[in-house]
Number of protein chains: 2
Amino acid sequence: MKQQVTVYDIAEEAQVSVATVSRVLNGSAPVSRTTRAKIEAIMHKHQFQPNAVARSLTKKETGIIGVILPDITNPFFPEVFSGIEQEGLASGHTFFLCNTLGDYGKESHFLNLMREKRVDGILFMGGRVNLRVCDPALARELAEHARSIPLVLLNGDVKDAGLTRVATDEASGTTLAVRHLIGLGHTRIGFLGGARHMSTTAVKVRAFRRTMKEAGLAVRDAWTIPGGFSADAGREQMNRLLSLRDLPTAVCCVNDFTAIGAIKTAAEQGLNVPADMSVVGFDDILLARHVIPELTTVSQQAGELGRTAVRVLRELMGGAAARKLTPLEPRLIVRQSTAAPGGQGD
Amino acid sequence: MKQQVTVYDIAEEAQVSVATVSRVLNGSAPVSRTTRAKIEAIMHKHQFQPNAVARSLTKKETGIIGVILPDITNPFFPEVFSGIEQEGLASGHTFFLCNTLGDYGKESHFLNLMREKRVDGILFMGGRVNLRVCDPALARELAEHARSIPLVLLNGDVKDAGLTRVATDEASGTTLAVRHLIGLGHTRIGFLGGARHMSTTAVKVRAFRRTMKEAGLAVRDAWTIPGGFSADAGREQMNRLLSLRDLPTAVCCVNDFTAIGAIKTAAEQGLNVPADMSVVGFDDILLARHVIPELTTVSQQAGELGRTAVRVLRELMGGAAARKLTPLEPRLIVRQSTAAPGGQGD
DNA sequence: ATGAAAGCGCTAACAC
DNA sequence: GTGTTAGCGCTTTCAT
């Protein structure tokens with residue numbers, strides 16, 4: 001680990017002051033053609049890399065955006081992150097990524113860590129912010145952080161915290177899915193996956209019920225089965241559903257992972273999807289169009305969500321007061337996992 | 001954005017010197033019970049967060065590990081990252097994540113960025129390090145970086161750069177897959193996906209050919225179809241394969257994404273996998289056991305790869321000379337996408 | 001156009 | 001056990 005060269009070394013060798021070196025480094029003030037050339041040559045010769053830590057200390061900005069999300073292993077999040085990175089790179093930002101794995105303790109820990117590290121802004125998704133009834137203490141903590149660091153919430157909400165948010169309209173997305181099923185002729189529809197205490201699930205379930213009722217259809221509690229967001233959870237939920245004596249002809253799933261698990265189990269039990277059971281997912285993960293059958297789903301436009309969030313965060317970091325809520329419209333993507341009940345028509 | 005409080009503020013209010021404050025902050029020297037208590041109370045009262053940037057500047061360490069990978073959107077990488085984070089968190093490290101999207105220019109850019117940011121170490125995967133014939137200039141650049149910052153390469157190699165590596169034995173993994181197919185009775189086997197100029201593909205193809213020859217089987221060039229690593233690539237490759245008049249009864253795919261795409265196309269063309277065509281993947285991504293049919297594949301133990309890499313990097317950062325190559329043994333995971341040719345047996 | 005010097009917030013000798 | 005002080009490497013007035 002050889003010693004790094006500093007502005008002083010450059011200054012000395014070029015016989016100028018560090019201020020001048022700093023000036024050519026930042027173009028912050030005019031420097032004569034000749035000295036500039038000399039300094040640049042020396043920098044290049046030593047492969048000089050200015051120390052960003054020192055720079056951050058004086059400028060009071062790090063160029064780092066902290067990203068907190070539940071689980072990068074769930075395909076939806078990498079797509080969001082990808083959008084974030086794409087947009088953030090354009091403004092020279094860099095990313096500090098943390099997975100909370102749904103652990104609230106970790107959320108607090110990372111939030112503090114980010115303050116210590118003096119990130120310029122925070123993008124926060126999942127976990128606590130998705131609690132339907134958010135512990136006031138936690139809400140306060142988040143609001144507190146937001147007061148000292150620009151923070152935007154992605155797809156979540158915290159009552160009364162007054163946070164800036166960017167969110168897909170999950171209710172309207174769910175409505176899209178349910179109407180599609182109803183349009184196909186289904187009248188017996190269930191809802192799989194999620195966790196009742198998370199607002200994201202609550203929003204979807206509520207929209208599901210409302211849409212069913214508007215169409216004059218009955219909502220059966222036994223067909224609304226929570227239990228998580230993973231593919232394994234989807235398998236188990238479908239298993240429970242299939243153990244009932246009376247079955248729906250279609251199900252909405254809380255996300256694509258769950259839908260894929262549900263389809264898997266349905267197939268194992270001898271059902272044909274979509275002929276015997278239509279399944280619709282949510283998210284439109286990359287693999288959704290490659291599974292068999294291809295998944296009908298609601299696109300959250302994950303990449304766009306990430307890009308938009310960065311744009312909003314940038315306004316905040318710039319000192320502007322961004323709109324409190326920037327909504328994103330989801331889109332229904334019809335593929336092969338849904339069809340008319342009983343396999344009639346297509 | 002209210003003003004952050006500093007050690008000076010704390011010191012003043014507690015009527016002690018900053019050194020003492022620093023001492024209780026780090027436990028770096030004894031402090032009397034009473035003053036410690038007083039200081040701690042004041043810190044707590046102001047919710048004091050020491051400025052990590054300032055600390056990094058003096059200590060000459062940031063606690064940040066830079067992670068450079070091709071594409072977080074490819075499910076293999078989130079799993080590796082997950083392992084990295086899990087292991088790194090234990091030692092208080094934090095992560096700076098960059099996606100290169102296979103762009104060599106970006107690789108260089110990020111490498112420089114990480115030096116500027118003074119990360120404590122770098123974990124590097126993909127892209128340039130997977131060039132079969134690596135441009136000497138690029139290799140030199142990497143070696144150069146490795147000289148000033150601890151760096152470990154994950155699943156790749158750069159000729160003569162003398163880099164520290166942690167890598168799955170992709171050759172032995174491929175051999176496992178091919179032998180499995182041969183054991184099932186296949187004699188006509190193809191290889192799908194990858195890019196000829198990447199060492200990871202070259203290693204797999206070479207192992208594929210060797211294993212076939214050892215078993216006395218012919219390798220047909222027309223059945224070795226490169227073209228990328230995505231699911232779409234897999235679809236296209238299978239399409240090309242199926243356009244041939246003479247077909248293999250099984251294919252090895254460069255990764256699970258490709259395998260899933262290949263299966264998809266095979267199914268669309270009316271083939272039954274595995275009855276008409278066996279398909280084996282590589283990586284064992286999370287979804288591999290949830291697709292239909294469940295994917296037979298070679299597990300790279302992505303999480304373990306990440307964890308191991310961090311352990312090795314930690315040795316390097318600690319000044320120790322780590323083993324040049326830490327190999328990881330892949331495992332064959334037999335599921336449903338492979339069977340005896342012609343659907344006989346199972 | 002260029003230099004001198006004062007910080008940024010913290011740690012670590014070194015003294016007492 | 002505690003205080004003084006000199007950095008860490010850079011940016012930024014303020015002079016010149």
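To find a chain, count down the sequence lines: A is the first, B the second, and so on, and within it residues start at 1.
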Self-check item: For A/Val80 against A/Met125, the heavy-atom pair lying closest together
Solution: CG1-SD, 4.0 Å
Quiz item: What are the two closest heavy atoms between A/Ser91 and A/Arg314, and how far apart are they?
Solution: OG-NH1, 2.7 Å
Self-check item: Segment of DNA chain D, first to last nucleotide, that comes within the 4.0 Å heavy-atom reach of chain A
Solution: D/dG9 to D/dT13
Quiz prompt | Protein-nucleotide distance (B/Asn26, atom CG; C/dA12, atom P), rounded to Å | solution = 7 Å
Quiz item: Will you find, in the side chains of A/Ser108 and A/Glu141, an N or O donor that is under 3.5 Å from an N or O acceptor?
Solution: yes
Quiz item: Hey, mind stepping through B/Arg311 and B/Glu304 against salt bridge (charged side-chain N to carboxylate O under 4.0 Å, His left out) and telling me if it holds?
Solution: CA-CA 10 Å; B/Arg311 277 186 224 114; B/Glu304 189 53 33; 3.7 Å; yes
Quiz item: Which ones in residues 32-40 of chain A lie close to DNA chain D, meaning a heavy atom under 4.0 Å from one of its atoms?
Solution: none
I'd like a table of donor-acceptor pairs (distance under 3.5 Å, sequence neighbours excluded) in which one partner is a side-chain atom from residues 62-77 of chain B, with atom names and distances.
residue, atom, partner, partner atom, Å
B/Thr62, OG1, B/Ile64, N, 3.2
B/Thr62, OG1, B/Arg118, O, 2.9
B/Thr62, OG1, B/Asp120, OD1, 3.3
B/Asp71, OD1, B/Thr73, N, 3.0
B/Asn74, OD1, B/Phe76, N, 3.3

Exercise. With axes from five pairs an end, tell me the bend angle of the helix from C/dA1-D/dT16 to C/dC16-D/dG1, nearest 10°.
Key: 40°
Quiz prompt | Distance-only side-chain donor-acceptor flag, A/Glu13 / A/His46, under 3.5 Å | solution = yes
Quiz item: For the residue pair A/Cys98 and A/Phe110, what are the closest heavy atoms and their distance?
Solution: SG-CD2, 3.4 Å
Exercise. Hey, which sits more toward the 5' end of DNA chain D by its nearest nucleotide, B/Ala54 or B/Pro30?
Key: B/Pro30
Donor-acceptor pairs are to be reported for all side-chain atoms of residues 18-27 of chain B against protein atoms at under 3.5 Å, with residues two or more places apart or in another chain.
residue, atom, partner, partner atom, Å
B/Ser22, OG, B/Asn26, ND2, 3.4
B/Asn26, ND2, B/Ser22, O, 2.8

Practice problem: Check DNA chain D against residues 9-25 of chain A and give the residues with a non-hydrogen atom under 4.0 Å, in numerical order. | Solution: A/Ala19, A/Ser22, A/Arg23, A/Leu25
Exercise. Heavy atoms only: give me the nearest A/Leu151-A/Leu316 pair and the separation to one decimal.
Key: O-CD2, 3.7 Å
Quiz prompt | Gap between atoms CD and C1', on A/Glu61 and C/dC8 respectively (whole Å) | solution = 13 Å
Quiz item: Is it the case that A/Asn155 and A/Thr168 place a side-chain donor and acceptor less than 3.5 Å from each other?
Solution: yes
Quiz prompt | Nearest non-hydrogen partners of A/Gln4 and B/Ser148, listed with the distance | solution = NE2-CB, 4.3 Å
Quiz prompt | Any donor-acceptor N or O pair under 3.5 Å, side chains B/Gln49, A/Asn112 | solution = yes
Quiz item: Can you name the closest pair of heavy atoms from B/Lys38 and B/Ala14 and give their distance?
Solution: NZ-O, 3.3 Å
Quiz item: How long is the line joining CD of A/Glu116 and C1' of C/dC10, in whole Å?
Solution: 12 Å
